[in-house]
Enquirer: 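Pasting in a structure now, in structure tokens, and then I'll have a few things to ask.
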Amino acid sequence: MATFTLPKNSKIGDGKTYAAPSGATNVRSFSIYRWDPDSEATPRRDTYKIDLDNCGPMVLDALIKIKNEIDGSLTFRRSCREGICGSCAMNIDGTNTLACLKPIEDVTGDVKINPLPHLPVVKDLVPDLSQLYAQYRSVEPWLKSDTPPPPDEERRQSKEERAKLDGMWECILCFCCSTACPSYWWNGDRFLGPAVLLAAYRWIADSRDERTGERLDALEDPFRLYRCHTIMNCTNTCPKGLNPAKAIGSIKQMMVERQG
Amino acid sequence: MNTETDSALRLQSPLGRVRGMGSARAGTHHWWMQRVTSIGLLPLTLWFALSAVSLAGASYAEALAWIGSPFNAVLLIATLLLSFHHTNAGLQVVIEDYVHVPGARIAALLAVKAVCGLLAIASVLAVLRIAV
Ligand code: SF4
Ligand code: SF4
Ligand code: FES
């Protein structure tokens, strides 16, 4: 059955509280999920009180400040700090988003930070993405065409054909959407999830690709595709403003169209 | 996640697991019929609700006569068939979502099909006995 409560060894306890520096007037608490695979301890929640007058505006700035100045053991992924690499995806204030794009100001009260939901945790805010990467690999996200490209020329697309890829090429594979989807929580081992289905549709919709039918065949499955029940969590949470639910709807529509 | 394999040591690659047994090449008919039956049930349910209200206070004989008229009998049977088809399809989705032990899933799916099928036949027979 689907699991609705945390297993015993995942129950979260109270951790340490790190006080704000003396004299700070603009203090905000960051309550952060911590788990260290090298210790026997169950996960805990540490609280760091930060002086916002001495900190950058985004949640990622606060995390970096904590790591540099308070607690070097805090572990998270980040790279670009401008919403383009997808590394810093995490659950902030109950919503999956990118820490580097999330202004601290937008959160009222304590800033609660957790790893992306329903994935195995590697350490602290770092989830194990190997299943999601394998699913991405499984939809063969590259151009497949039997017609050779014209000699000394690129494969051409009209403006209209190219426009069909808008809203899809922008995906940075942060997986905020897939890990916000209840269907992916319950059946992620078989359901491909919104991020990967969006990626699959990006190639289905590409006028230069010649394997549309094969791609649809591979998706036509009660679990791979049809676990999506249009709950729309994916679209609501995407930090890039993309609409995976719409792409999934387009795939389903093509499935019906090709039946006759 | 699959309860059967959760505790077992898994050295199969993530890609191998994700590809699994491949695509079933199915699901479209089920999904499409769910939409079609719900669209069909919109006017039928409205018609049935209005008719039921207009029959309030009617005598037994009047109710029998209403069901017995060919027009009403045909629409009633359509409503019943679509309702049970839709119920079965909806419950199937719930079971596939939440029941992960393969044996239990197949048993539950077959049980729902059997109950919905028998109820559909019984209710259609009831209308026919009155109408024919
Ligand atoms: S629309 Fe589909 S993919 Fe998106 S959250 Fe809902 S069920 Fe998941
Ligand atoms: S669709 Fe949006 S939320 Fe999902 S992986 Fe792409 S960028 Fe992230
Ligand atoms: S650090 Fe690259 S997306 Fe946030």
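Letters A, B, ... are given to chains in the order of the sequence lines, protein chains preceding strands, and every chain is numbered from 1.
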Enquirer: Report the distance from atom CZ of A/Arg190 to atom CZ of B/Arg17, rounding to the nearest 0.5 Å.
Expert: 14.5 Å
Enquirer: Return the set of residues passing ring pair (Phe, Tyr, Trp, His ring centres under 6.0 Å) with A/Phe175 (not counting sequence neighbours), or none when no residue passes.
Expert: A/Tyr133
Enquirer: For the pair B/Arg19 and A/Arg137, evaluate side-chain contact (heavy atoms from CB on, under 4.5 Å) and give the outcome as yes or no after the intermediate values.
Expert: CA-CA 10 Å; B/Arg19 283 185 177 159; A/Arg137 165 70 178 75; 3.2 Å; yes
Enquirer: Taking all non-hydrogen atoms of both residues, which atom of A/Asn187 and which atom of B/Asp97 are closest, and how far apart?
Expert: ND2-O, 3.0 Å
Enquirer: Heavy-atom count check: over 12 atoms from other residues, nucleotides or ligands less than 6.0 Å from A/Lys240 NZ?
Expert: yes
Enquirer: Within the supplied structure, the quantity of interest is the number of heavy atoms (other residues, nucleotides, ligands) at a distance under 6.0 Å from A/Lys112 NZ; does it exceed 12?
Expert: no
Enquirer: Please list, in residue-number order, every residue in residues 222-232 of chain A that has a heavy atom less than 4.5 Å from any heavy atom of chain B; write 'none' if there are none.
Expert: A/Pro222, A/Phe223, A/Arg224, A/Tyr226, A/Arg227, A/His229
Enquirer: Assess the residue pair A/Lys252 and B/Thr28 against the criterion (side-chain contact (heavy atoms from CB on, under 4.5 Å)); give the C-alpha distance rounded to whole Å, side-chain angles, the decisive distance to 0.1 Å, and a yes or no.
Expert: CA-CA 8 Å; A/Lys252 289 176 180 167; B/Thr28 303; over 6 Å; no
Enquirer: Who are the ring pair (Phe, Tyr, Trp, His ring centres under 6.0 Å) partners of A/Trp35, not counting sequence neighbours?
Expert: none
Enquirer: Please list every donor-acceptor pair under 3.5 Å in which a side-chain atom of residues 90-99 of chain A meets a protein atom from a residue at least two apart or in another chain.
Expert:
| from | atom 1 | to | atom 2 | distance (Å) |
| --- | --- | --- | --- | --- |
| A/Asn91 | OD1 | A/Gly94 | N | 3.2 |
| A/Asn91 | ND2 | A/Asn96 | OD1 | 2.9 |
| A/Asn96 | ND2 | A/Cys176 | O | 2.9 |
| A/Asn96 | ND2 | A/Thr179 | OG1 | 3.1 |

Enquirer: Do other residues, nucleotides or ligands put more than 12 heavy atoms under 6.0 Å from the CG atom of A/Asp166?
Expert: yes
Enquirer: Say you draw a straight line from CH2 of B/Trp31 to CE of A/Met255; how long is it, rounded to the nearest 0.5 Å?
Expert: 10.5 Å
Enquirer: Side chain of B/Ser23, backbone of A/Glu220: donor and acceptor closer than 3.5 Å?
Expert: yes
Enquirer: Could you check B/Arg25 against A/Asp221 for side-chain contact (heavy atoms from CB on, under 4.5 Å), going step by step and ending with a plain yes or no?
Expert: CA-CA 5 Å; B/Arg25 309 277 166 96; A/Asp221 184 272; over 6 Å; no
Enquirer: Is the CZ atom of A/Arg78 crowded by more than 12 outside heavy atoms at less than 6.0 Å?
Expert: no
Enquirer: So do the side chains of A/Val256 and B/Arg35 get within less than 4.5 Å of each other, counting heavy atoms only?
Expert: no
Enquirer: For A/Asp189 and B/His100, which I'm curious about, is there any donor-acceptor pair between the side chains at under 3.5 Å?
Expert: no
